[in-house]
> 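Here it is, the structure, as structure tokens.
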Amino acid sequence: MDGTELLRAELARAAQSLGAPSDIEPQLERPRDPSFGDWASNLAMTLAKPLGRKPRELAQAIVERLDYARAGISSAEIAGPGFINFRVAGDVFAEGLRALIAAADQYGRSNVGQACPVNVEFVSANPTGPLHVGHGRQAALGDAICALLAATGWRVTREFYYNDGGVQILNLALSVQARVRQLGGQTVDLPEGGYHGEYIRDLAQRYIDEHSSDANAEDVDALRRFAVRELRKEQDRDLQAFGVHFDVYFLESSLYTDGRVDQTVDRLISAGHTYEKDGALWLKTTDFGDDKDRVMRKSDGTYTYFVPDVAYHVTKWERGFKRAINVQGADHHSTVTRVRVGLQALDIGIPEGYPEYVLHQMVTVMRSGEEVKISKRAGSYVTVRDLIDEVGRDAVRYFFLMRKGDSQLVFDVDVARSQSDENPVYYIQMAHARLSGIFRVGEIDPESITGVDVDLSVLELSEEQELMKALLDYPTLIAGAAQSLEPHRVATYLHDTAGKIHLWYHKAHVLNEPDEILRARLVLARASQLVLRNGLELLGITAPERM
RNA sequence: GCGCCCAUAGCUCAAUCGGAUAGAGCGUCUGACUUCGGAUCAGAAGGUUGGGGGUUCGAGUCCCUCUGGGCGCACCA
């Protein structure tokens, strides 16, 4: 609801009277230069070819047929190659602001998702160490995507999938075992491919404390269970510190114990897409566009990773998620094709693009001008916890969200740590704190502001007009960000809008102004405060009343 | 060798479905505080959108190609 329905309908009517097809849906956009007007339409240019007329001439014809009152506009001008620029009638802004305030924390939300269930899987770190910065980016991204989907009417399930068995976990157990024995005075090396981080030594010490009967760490199974449990707890603490929660933790091992892996293999075989070669069982993924076939069951009888992956996604489908979104690092992009192909080969009615993937590029951490290598095994990587402790949750979230996921991210710890104006999150939060300050100092309850019976036509500064337009764009922005699964659009919008707020705040005083100015500006302040607060909440960032 | 992603101001990044004069922040330079917070604001400088070709009324955006970077290409996960 951005108040353009009337204008779009009127444009469509005018165009149809000139011979345009009955199903056209004219698009409106904000002109780059605000002096052109409030809205612009390229309708005449898109219709010029099919109707065989010159764009500007067609634009003129459309404008002549417009009923300004019905469209809610005060002017329509033709510009450039055939744009039509509109100015909105003043009361449209006023009504928009009142509706905004009445909606309050619901402003910007919609119901396009129609309460359909959607599963969003993210982080999904294996319990072999603390969460690193890459997981941090994924946590911020996934959490914001969930918030956007929820805000647009989807019923969201946040899911964390992890591998609690297999070779990696065995290495983990053996690494702890080696450390236990070292602490007992023995000279032993860590296993090949083992984990070298300090946290392994901590785990070993705690294992000794809790398992006095197994001083030499002979019980590998107990070591494994202990290490997985402790590292899961540690990851949960990291996530909690980051303010991220999950609804479902899904264990890979459960796919084996409940027979789903075998079931999946059987189904693939009976669907006729497999063959045996060199003692292994292969899936003909090339039938579905892969560049070569993939092994499902190795000659030693165990399955390759992608079989449980496929089985896992079958459970998502069978749990009723017609839509599933996976947020993953781009280093896993090769799984995209394989999981989808595996699901197709099952031939159980799962659509081709299932699941959807949001891939994010790698994070490079810079400290003191040098790259800090991220490696679980080296144990010298930067963890999510490190970042939160150093720069705070809000700044970490914002840093991870301010960029498109598909570009690489340089996280400069030194810059992020400096609590200065280099951190854009403070700029946004400051705008919110300033608005809150108006109400605090004026001893006015912001909840009492409704805009009803207030003449908003006195808000005639250009800064006020621009700010109002930005605030009324918010619902469209949210809808677009949710649809494209791009939270960075919200971050960019909030930064822009905060700029408009600072500008207005600097130019226009609120308190101690004549009554009609005071009342109108309080409405604008309240509306701005609500938009900032709603937007920040979607990104998981606090909106402080004072800083 | 093959596949995916990226390349925009000195640096880090935006740019809504292909729209008008490509925008912010930082950094640099010049300015603004008796008011509700100077963590702010105003102004200036800074660009052949990596190179080349194509598509069209119009290309940072789409197609081809080259260059440069990241990631992935095991009967590892």
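Reminder, nothing fancy here: chain letters follow the sequence lines and each chain counts from 1.
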> Both distances under 3.5 Å, Watson-Crick or G-U wobble: report the partner of C36(B), or none.
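Partner of C36(B): none found under 3.5 Å.
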> Whole Å only: how far is the OH atom of Tyr493(A) from the P atom of G25(B)?
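That distance rounds to 17 Å.
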> Please report the distance separating the C1' of G25(B) from the corresponding atom of C63(B), rounded so that it comes out in whole Å.
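Comparing C1' positions in G25(B) and C63(B) gives a spacing of 34 Å.
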> How many Å lie between CZ on Arg340(A) and C1' on G3(B), as a whole number?
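To the nearest whole Å, that distance equals 15 Å.
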> Paired with C4(B) by Watson-Crick or G-U wobble geometry, both distances under 3.5 Å: which nucleotide is it?
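In the structure as shown, C4(B) has G70(B) as its Watson-Crick or wobble partner.
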> Start at the 5' end of RNA chain B and walk down; is the nucleotide closest to His502(A) or to Gly405(A) reached first?
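Counting from the 5' end, the first nearest nucleotide belongs to Gly405(A).
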> Is any side-chain heavy atom of Trp39(A) closer than 4.5 Å to one of Glu29(A)?
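Counting from C-beta outward, Glu29(A) and Trp39(A) never come under 4.5 Å.
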> List, with names and distances, any nitrogen or oxygen atoms from the protein found under 3.5 Å away from nitrogen or oxygen atoms belonging to nucleotides 55-63 of chain B.
{"from": "C57(B)", "atom 1": "OP1", "to": "Lys49(A)", "atom 2": "NZ", "distance (Å)": "2.9"}

> Do Phe122(A) and His135(A) have their ring centres less than 6.0 Å from each other?
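No, too far apart.
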> Can you check whether Pro446(A)'s main-chain N or O pairs, donor with acceptor, with Arg526(A)'s side chain at less than 3.5 Å?
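Answer holds: yes.
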> Can a donor-acceptor pair be found, under 3.5 Å and without considering hydrogens, that links the side chain of Tyr398(A) to the backbone of Ala491(A)?
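Indeed, once roles are kept as given, a pair shorter than 3.5 Å links the two residues.
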> In whole Å, what separates the P atom of G54(B) from that of G27(B)?
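Their P atoms lie roughly 43 Å apart.
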> Can you give one letter per nucleotide of nucleotides 72-77 of chain B, going 5' to 3': B for a protein heavy atom under 4.0 Å from the base, S for sugar-phosphate only, - for none?
SSSBSB
> Classify the nucleic acid contact of Ala433(A) as base, sugar-phosphate or nothing, counting any heavy atom under 4.0 Å across all strands shown.
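The residue Ala433(A) makes no contact with any strand.
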> What is the distance from CG of Leu435(A) to P of A39(B), rounded to the nearest Å?
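Whole-Å distance recorded here is 16 Å.
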> From the set A42(B), G37(B), C71(B), return the single nucleotide nearest to any side-chain atom of Leu503(A).
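Closest of the options to the side chain of Leu503(A): A42(B).
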> Are His313(A) and Tyr354(A) close enough that their ring centres sit under 6.0 Å apart?
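Not under 6.0 Å, so no.
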> Whole angstroms only, please: what is the NE2-C1' distance between His506(A) and G38(B)?
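Value for this atom pair: 8 Å.
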> Can you tell me how far apart CD (Glu276(A)) and CZ (Arg297(A)) are? Round to the nearest 0.5 Å.
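Output value for this atom pair is 6.0 Å.
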> Say we look at A14(B) and C62(B): how far apart would their P atoms be, to the nearest angstrom?
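Pairwise P distance, A14(B) against C62(B), rounds to 15 Å.
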> Both distances under 3.5 Å, Watson-Crick or G-U wobble: report the partner of C29(B), or none.
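Base-paired to G43(B).
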> Between the side chain of Tyr474(A) and the main-chain N/O of Gly535(A), is any donor-acceptor distance below 3.5 Å?
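Side chain of Tyr474(A) to backbone of Gly535(A): a pair is present.
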> Could you state the atom-to-atom distance from CZ of Arg137(A) to P of C71(B) in whole Å?
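Rounded to the whole Å, the gap is 14 Å.
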> With rounding to the closest Å, how many angstrom separate the C1' atoms on A44(B) and A9(B)?
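Going atom to atom, C1' in each nucleotide, I get 14 Å.
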> Is the ring centre of Phe160(A) less than 6.0 Å from the ring centre of Phe250(A)?
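When the ring centroids of Phe160(A) and Phe250(A) are compared, they turn out to be at least 6.0 Å apart.
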> Under 4.0 Å, counting only non-hydrogen atoms across every strand here, what does Ala79(A) touch: a base, just sugar-phosphate, or nothing?
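Ala79(A): base contact, heavy atoms under 4.0 Å.
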> Regarding Ala479(A), tell me which of base, sugar-phosphate or nothing describes its non-hydrogen contacts under 4.0 Å with the strands shown.
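Nothing: the residue Ala479(A), judged by heavy atoms under 4.0 Å, touches no strand.
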> With both distances under 3.5 Å as the test, what is the Watson-Crick or G-U wobble partner of U48(B)?
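Across any shown strand, U48(B) pairs with none.
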> Given ring pair (Phe, Tyr, Trp, His ring centres under 6.0 Å), test Phe288(A) with His273(A) step by step and report yes or no.
CA-CA 10 Å; Phe288(A) 300 90; His273(A) 296 296; 5.0 Å; yes
> When the P atoms of C2(B) and C66(B) are considered, how many whole Å apart are they?
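Going atom to atom, P in each nucleotide, I get 10 Å.
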> Is Phe36(A) stacked on the base of A20(B), with ring centres under 5.5 Å apart and planes under 30° apart?
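Stacking between Phe36(A) and A20(B): present.
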> Grab the NZ-C1' distance between Lys500(A) and G23(B) for me, whole Å please.
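After rounding, the gap between these two atoms is 11 Å.
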> Starting at atom CZ of Arg489(A), determine the distance to atom C1' of A24(B), rounded to an integer number of angstrom.
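Roughly 17 Å, once rounded to whole Å.
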> Quote, to the nearest angstrom, the C1' distance that separates G60(B) from U8(B).
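After rounding to an integer number of Å, I get 7 Å for this pair.
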> Given the C1' atoms of G46(B) and A39(B), what is the spacing between them in whole Å?
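The answer is 26 Å between these two C1' atoms.
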> Give me the one residue out of Glu466(A), Glu463(A), Glu464(A) that meets side chain to side chain donor-acceptor pair (under 3.5 Å) with Trp504(A).
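By the side chain to side chain donor-acceptor pair (under 3.5 Å) criterion, Trp504(A) pairs with just one of Glu466(A), Glu463(A), Glu464(A): Glu464(A).
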> For the C1' atoms, the ones on U61(B) and on U49(B), what distance do you get once it is rounded to whole angstrom?
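That atom pair is separated by 10 Å.
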> Strictly below 4.0 Å: does Tyr427(A) bring a side-chain N or O up to OP1 or OP2 of C41(B)?
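It does, given that an N or O in the side chain of Tyr427(A) lies less than 4.0 Å from OP1 or OP2 of C41(B).
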> Picking from G37(B), A15(B), G19(B), which would you name as closest to the side chain of Glu29(A)?
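Among the listed nucleotides, the one closest to the side chain of Glu29(A) is G19(B).
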> Let me see the working for His360(A) and Phe400(A) under ring pair (Phe, Tyr, Trp, His ring centres under 6.0 Å), right down to the final yes or no.
CA-CA 10 Å; His360(A) 66 84; Phe400(A) 279 140; 8.7 Å; no
> Using a 4.0 Å heavy-atom cut-off across all strands, classify Gly437(A) as base, sugar-phosphate, or nothing.
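Touches sugar-phosphate only.
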> Which listed nucleotide (C13(B), U40(B), A20(B)) is nearest to the side chain of Asn85(A)?
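Nearest listed nucleotide: A20(B).
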> Let's test this: given Watson-Crick or G-U wobble pairing with both distances under 3.5 Å, identify the partner of G58(B).
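Pairing partner: none.
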> Which of the following nucleotides, U35(B), G19(B), C5(B), is nearest to the side chain of Gln361(A)?
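Given the options U35(B), G19(B), C5(B), the side chain of Gln361(A) is closest to C5(B).
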> If you compare all heavy atoms of Leu43(A) against all heavy atoms of Pro26(A), which two are closest, and at what distance to 0.1 Å?
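Scanning both residues completely, I find the closest heavy atoms to be CD1-CB, 4.2 Å.
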> So, is His360(A) near the phosphate of C71(B), with a side-chain N or O under 4.0 Å from OP1 or OP2?
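No, no such contact exists.
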> Distance check needed: C33(B) P versus His509(A) NE2, whole Å only.
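So the two atoms are 16 Å apart, to the nearest Å.
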> Scan Leu511(A) against the nucleic acid and name what it touches under 4.0 Å (heavy atoms): base, sugar-phosphate only, or nothing.
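Base contact.
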